[in-house]
Asker: 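Got a structure here, written out as structure tokens. Questions coming.
Below, chains carry the letters A, B, ... as their sequence lines are ordered, and counting in each starts from 1.
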Amino acid sequence: EAQVTQNPRYLITVTGKKLTVTCSQNMNHEYMSWYRQDPGLGLRQIYYSMNVEVTDKGDVPEGYKVSRKEKRNFPLILESPSPNQTSLYFCASRNGHNSPLHFGNGTRLTVT
Amino acid sequence: GEDVEQSLFLSVREGDSSVINCTYTDSSSTYLYWYKQEPGAGLQLLTYIFSNMDMKQDQRLTVLLNKKDKHLSLRIADTQTGDSAIYFCAEILFISSGSARQLTFGSGTQLTVLP
């Protein structure tokens, strides 16, 4: 089944403790992206990747890192999480400029 | 910055029609999308319209595009309780650093269907 898989689905952590949210897609998509969803703000793009070893900042990249060593994986790294990074995070991928995005089911992160 | 705007909430009675509105910013957007997000799930593509079209109909869904006013709407006929969800409109924008295009989302409209 074609899908975008994120892990974990839920994560509670403390301020400053490094964490990684994994994202994997099995559709051979070149483009992958991370979004955060906050009430009233819709989805805001954190980072995106046009292809392997190519990553770029989105609208809200501060406090996040990403890597794209393989086509299928695009992990989101929070080196020192803070409470303002408490949010719902979505990974997405697509094939081609005008193609729709395929989303993962989300990771709900709480930083205390 | 660029903004795609939607109302945050809409309530309708079961069986009525729902109309969710969106204004977008870039007249050169080639595709405009509607995504549906059910509770606890990711966004799923509901429908889309190419910018050279005025209307697209798909079963209970009708998308209307007014390019002059940069206005997009989604009409759901005979709304059911299963249609309760958040609906996002999205447009494709060129980013300044090159030819890449990014999908920009509205804030989402929470549709509540009352029995």
Asker: Taking all atoms of both residues into account, what is the closest heavy-atom pair of A/Gly40 and B/Ser107, and its distance?
Answerer: O-CB, 3.6 Å

Asker: Let me check something: do A/Tyr31 and A/Val54 share a hydrophobic cluster, defined by ILVMFWY side-chain heavy atoms less than 4.5 Å apart, either directly or through other members?
Answerer: yes

Asker: Would B/Leu10 and B/Val63 show up in the same hydrophobic cluster when neighbours are defined by side-chain heavy atoms closer than 4.5 Å?
Answerer: yes

Asker: So for B/Gln6, is it side chain, backbone, both, or neither that comes closer than 4.5 Å to the heavy atoms of chain A?
Answerer: neither

Asker: What part of A/Thr107 is in contact with chain B, defined as an atom under 4.5 angstrom from a non-hydrogen atom: side chain, backbone, both or neither?
Answerer: neither

Asker: Between A/His102, A/Arg9, A/Gln37, who has the most heavy-atom pairs with chain B when the cutoff is under 4.5 Å?
Answerer: A/Gln37

Asker: Which region of A/Arg108, side chain (C-beta onward) or backbone (N, CA, C, O), has a non-hydrogen atom less than 4.5 Å from a non-hydrogen atom of chain B, or is it both or neither?
Answerer: neither

Asker: For the side chain of B/Tyr33 and the backbone of A/Leu101, is there at least one donor-acceptor N/O pair under 3.5 Å apart?
Answerer: no

Asker: Between B/Phe50 and chain A, with a heavy-atom cut-off of 4.5 Å, which part of the residue counts as in contact: side chain, backbone, both or neither?
Answerer: neither

Asker: Decide yes or no on side chain to side chain contact (heavy atoms under 4.5 Å, CB included) for B/Gln37 and A/Leu88, but give the supporting numbers first.
Answerer: CA-CA 13 Å; B/Gln37 183 184 28; A/Leu88 179 58; 4.2 Å; yes

Asker: Taking a hydrophobic cluster as the set of Ile, Leu, Val, Met, Phe, Trp and Tyr residues connected by side-chain heavy atoms closer than 4.5 Å, whether directly or through intermediates, do A/Phe74 and A/Leu109 fall within one such cluster?
Answerer: yes

Asker: If you group Ile, Leu, Val, Met, Phe, Trp and Tyr by side-chain heavy-atom gaps below 4.5 Å, do B/Leu46 and B/Ile86 land in one group?
Answerer: yes

Asker: Take atom CD of B/Gln44 as the centre, draw a 6.0 Å sphere, and report whether it contains more than 12 heavy atoms from other residues, nucleotides or ligands.
Answerer: no

Asker: With a 4.5 angstrom heavy-atom cut-off, is it the side chain or the backbone of B/Leu43 that approaches chain A, or both, or neither?
Answerer: both

Asker: Mind checking whether A/Val66 and A/Val21 sit in one hydrophobic cluster, side chains of I, L, V, M, F, W, Y counted as touching below 4.5 Å?
Answerer: yes

Asker: Side chain to side chain contact (heavy atoms under 4.5 Å, CB included) between A/Tyr35 and B/Leu103: does it pass, once the steps are laid out?
Answerer: CA-CA 11 Å; A/Tyr35 293 85; B/Leu103 207 56; 4.1 Å; yes

Asker: With a 4.5 Å limit on heavy-atom distance, are the side chains of B/Tyr35 and A/Pro100 in contact?
Answerer: yes

